[in-house]
Protein chains: 2
Amino acid sequence: MARRGLSRAAVVQTAARLADRDGYDALTLGAVAAAVGVRPPSLYNHVEGLAGLRRDLALAGLTELGERIRDAAVGRSGEDALLALADAYRAYAREHPGVYRALQRAASPGDDEIAAAGARLLEPVFAVLAGFGLEGDAGIHAARALRSALHGFVELERVGGFGIDLDLDESYRFLVRAVAAGIGA
Amino acid sequence: MARRGLSRAAVVQTAARLADRDGYDALTLGAVAAAVGVRPPSLYNHVEGLAGLRRDLALAGLTELGERIRDAAVGRSGEDALLALADAYRAYAREHPGVYRALQRAASPGDDEIAAAGARLLEPVFAVLAGFGLEGDAGIHAARALRSALHGFVELERVGGFGIDLDLDESYRFLVRAVAAGIGA
DNA sequence: GAGGGTAAACTACGAATGTTAGTTTTAATC
DNA sequence: GATTAAAACTAACATTCGTAGTTTACCCTC
């Protein structure tokens, strides 16, 4: 009955907290509604159903991850920049496993906001790679390689895919250094 | 009423077909039951609910992917073996997107069958890396790096994460060559 | 060949979730 | 103070997973 002063941002923020805490798969409208003190149908006044909430979560995550990466890369270059960028990427995924999973969804064709956030995220990456002399198609191939490596590691770490008991920080550094050396050659 | 002569293998095979065709998220007991000509509760005679079906699907996928990788690596070494192994990995993921996603689930602690299938899959990988002089901890770091790179690329390709229109086969070869060069250095 | 046991199917039901429809209440505006 | 729009509500429905209890078909033994 009473207006709760709810907003889309508040709903998405709560959803992010729940997804990070309980897992992306456990993100339900019922759980979000209970967390913000409202009945599930009321959420439809702010987000477009569960699908819309997931999309909004992806956008928020893409934006924040992009800011983190930009901050990490600023003022650095070469392997130094690559390592800082990679650390920022992995740190975000570890802090926000639920949101990280949300932002991995395919960009719906025609969703300009998502596309723009993705493009902004790539800017500092291309800038760092240009420092390696990689531009044009080579820059794109290199960006794809770097993104694949970082995403693959982070994803496998997230699902517990690394069974053997050997320091993961070292493995990550090994991976990033190998990619840095490989794309330079 | 009448016995359909159903078996676990038949149920899992049908589930694999549906998951590859309609997506892993669309895999429901109702859909599988309809495909094999049975009511949903009857599936419980063969698999342990949806969770059990997913686990069985993961095991089947792990086993088949392991065989593909072993076949690809046999008789090769060095970068040649690495490229063949990588191609087999990506080919399987493209042919069986639903099963590939199923086998990505975290290995439940105590599930020896899953653990064994995972270990078998790693054997040829370690063998190839040993050819690079990478053994012990270095071999593990390298295996993690390789797996991260392949999984990351394949996963991003699967969800349509590569937006730019530039040949993906070339990007994949670039990635594998970069990792091969990087872990050798 | 008859009878019993087991496997495998069924119907019926309940719980969780997402969603829509229609209603009511609050708050802002004229 | 009356009107209107936003935002909440209740009620209801569809889908899906899962369980309980029942029935039927096949196989093995006697």
Side-chain angles (χ1 to χ4, degrees), chain A residues 1-60 98-99 101-106 108 111, chain B residues 1-60 98-99 101-106 108 111:
Chain A
M1 317 274 209
R3 289 198 177 188
R4 298 289 198 289
L6 212 51
S7 69
R8 172 179 302 217
V11 171
V12 173
Q13 192 174 341
T14 297
R17 188 168 48 82
L18 293 181
D20 288 337
R21 195 189 64 186
D22 305 328
Y24 182 72
D25 288 330
L27 184 68
T28 67
L29 290 180
V32 174
V36 299
V38 124
R39 305 285 177 155
S42 304
L43 295 178
Y44 284 75
N45 291 314
H46 304 286
V47 296
E48 295 180 357
L50 183 61
L53 176 59
R54 286 173 174 161
R55 179 265 176 199
D56 293 342
L57 197 55
L59 176 61
V99 177
R101 184 155 163 214
L103 64 81
Q104 225 57 55
R105 321 165 337 117
S108 311
D111 191 330
Chain B
M1 318 273 209
R3 291 199 177 187
R4 298 287 200 288
L6 212 51
S7 69
R8 173 180 303 219
V11 171
V12 173
Q13 193 174 342
T14 298
R17 188 167 49 82
L18 293 182
D20 288 337
R21 197 190 63 189
D22 305 328
Y24 182 72
D25 288 330
L27 185 67
T28 68
L29 290 180
V32 175
V36 299
V38 124
R39 304 283 179 159
S42 303
L43 295 177
Y44 284 77
N45 291 314
H46 305 286
V47 296
E48 295 179 358
L50 182 62
L53 176 60
R54 287 173 174 161
R55 179 265 175 199
D56 293 342
L57 197 55
L59 177 61
V99 178
R101 184 155 163 213
L103 64 82
Q104 226 55 57
R105 320 164 337 118
S108 311
D111 190 331

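Proteins get letters first, then strands, A, B, ... in listed order; numbering begins at 1 in each.
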K.L.:
State whether the distance check finds a donor on one side and an acceptor on the other, under 3.5 Å, for side chain B:Asn45 versus base C:dA9.
P.N.:
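Check passes, donor-acceptor contact within cut-off.
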K.L.:
Give the rounded distance in Å between these two atoms: CG of A:Leu43 and P of D:dT10.
P.N.:
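Nearest whole value for this atom pair: 14 Å.
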K.L.:
Sequence neighbours excluded, which residues qualify as side-chain hydrogen bond (donor to acceptor under 3.5 Å, both in side chains) partners of A:Arg8?
P.N.:
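Scan of A:Arg8 (side-chain hydrogen bond (donor to acceptor under 3.5 Å, both in side chains), adjacent residues dropped) gives A:Asp56.
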K.L.:
For C:dA9, take OP1 and OP2 only and decide whether either is under 4.0 Å from a side-chain N or O of B:His46.
P.N.:
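Answer yes for this pair, as a side-chain N or O of B:His46 is under 4.0 Å from OP1 or OP2.
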K.L.:
Could you give the side-chain donor-acceptor pairs of residues 17-35 of chain A under 3.5 Å, partners two or more places apart or in another chain?
P.N.:
unit_1, atom_1, unit_2, atom_2, d
A:Asp20, OD1, A:Gly98, N, 2.8
A:Asp20, OD1, A:Val99, N, 3.0
A:Asp20, OD2, A:His96, ND1, 2.8
A:Asp25, OD1, A:Arg101, NH1, 3.3
A:Asp25, OD1, A:Arg101, NH2, 3.1
A:Asp25, OD2, A:Arg101, NH1, 3.1
A:Thr28, OG1, A:Ala31, N, 3.0

K.L.:
Can you tell me the distance, in whole Å, between the CG atom of B:Asp25 and the P atom of D:dC17?
P.N.:
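In whole Å, D:dC17 P lies 12 Å from B:Asp25 CG.
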K.L.:
Strictly below 4.0 Å, heavy-atom distances to any atom of DNA chain C: list the hits from residues 16-24 of chain A, or just say none.
P.N.:
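Result for residues 16-24 of chain A: none.
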K.L.:
Drop me the distance from B:Leu6's CG to B:Leu43's CG, to the nearest 0.5 angstrom.
P.N.:
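Between atom CG of B:Leu6 and atom CG of B:Leu43 there are 7.0 Å.
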K.L.:
Where is the tightest heavy-atom contact between A:Leu53 and A:Ala15, given as atom of each residue plus distance?
P.N.:
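Closest pair (atom of A:Leu53, atom of A:Ala15, distance): CD1-CB, 3.8 Å.
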K.L.:
In B/S/- notation, 5' to 3', how is nucleotides 11-22 of chain C contacted by protein heavy atoms closer than 4.0 Å?
P.N.:
BB----SSBB--
K.L.:
Could you tell me which residues satisfy salt bridge (charged side-chain N to carboxylate O under 4.0 Å, His left out) with B:Arg55, sequence neighbours excluded, listed by chain and number?
P.N.:
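With neighbours one apart ignored, the set is B:Asp111, B:Glu113.
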K.L.:
If a pair satisfies side-chain hydrogen bond (donor to acceptor under 3.5 Å, both in side chains) and one of its residues is in residues 41-51 of chain B, list it, with sequence neighbours excluded.
P.N.:
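Residue pairs with at least one partner in residues 41-51 of chain B: there are none.
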K.L.:
Which heavy atom of A:Ala102 sits nearest a heavy atom of A:Ala58, and at what distance?
P.N.:
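That would be O-CB, 3.5 Å.
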K.L.:
Starting from C1' on D:dC9, measure out to CG on A:Leu6 and report it in whole angstrom.
P.N.:
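Between C1' of D:dC9 and CG of A:Leu6: 14 Å.
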